[in-house]
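Numbers here simply count residues along the sequence, with the first being 1.
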Amino acid sequence: MDILTEKKQLRTLLRKKRREISEDLRKQLDEGIFRNVRASEEFCNADTLLLYVSCKGEADTMRILLKRCGCKRKLQFQNALKTVKCSFS
């Protein structure tokens, strides 16, 4: 089996496992990620934040985005389609 086929199979398996995570566990994991990011020095002190906007079934990054929108800083985020730059004052 070649590497591309193996990667495709691995991605399929990981997506399946991600879908099987219970909603309660997903919320706990999302909360842990949110607390860790929010508490990090880099997040608190950065003038600009580059943030990946999560898709369905991924760790929720929208809370981080919304938290940052309350700050008077520059924000840049991207998804698979485009990069958006915003300034909040």
field: Test side-chain hydrogen bond (donor to acceptor under 3.5 Å, both in side chains) applied to Asp24 - qualifying residues, sequence neighbours left out
entry: none
query: Measuring from Glu58:CD to Ile33:CD1, what's the distance to the nearest 0.5 Å?
result: 10.5 Å
- request: Locate the shortest heavy-atom distance separating Arg26 from Arg18; write the atom from each residue and the value.
  value: NH2-O, 3.1 Å
- prompt: If you count the non-hydrogen atoms of other residues, nucleotides and ligands that lie under 6.0 Å from CD in Glu6, is the total more than 12?
  reply: yes
field: Heavy-atom pair with the smallest gap, counting every atom of Asp30 and Asp60
entry: OD1-N, 3.2 Å
message: With salt bridge (charged side-chain N to carboxylate O under 4.0 Å, His left out) as the criterion, how do Lys16 and Glu20 come out once you've worked through the C-alpha distance, each side chain's angles and the decisive distance to 0.1 Å?
response: CA-CA 6 Å; Lys16 180 179 183 275; Glu20 293 171 352; 2.8 Å; yes
- prompt: CG/Leu14 to CD/Gln9 distance, rounded to the nearest 0.5 angstrom?
  reply: 12.0 Å
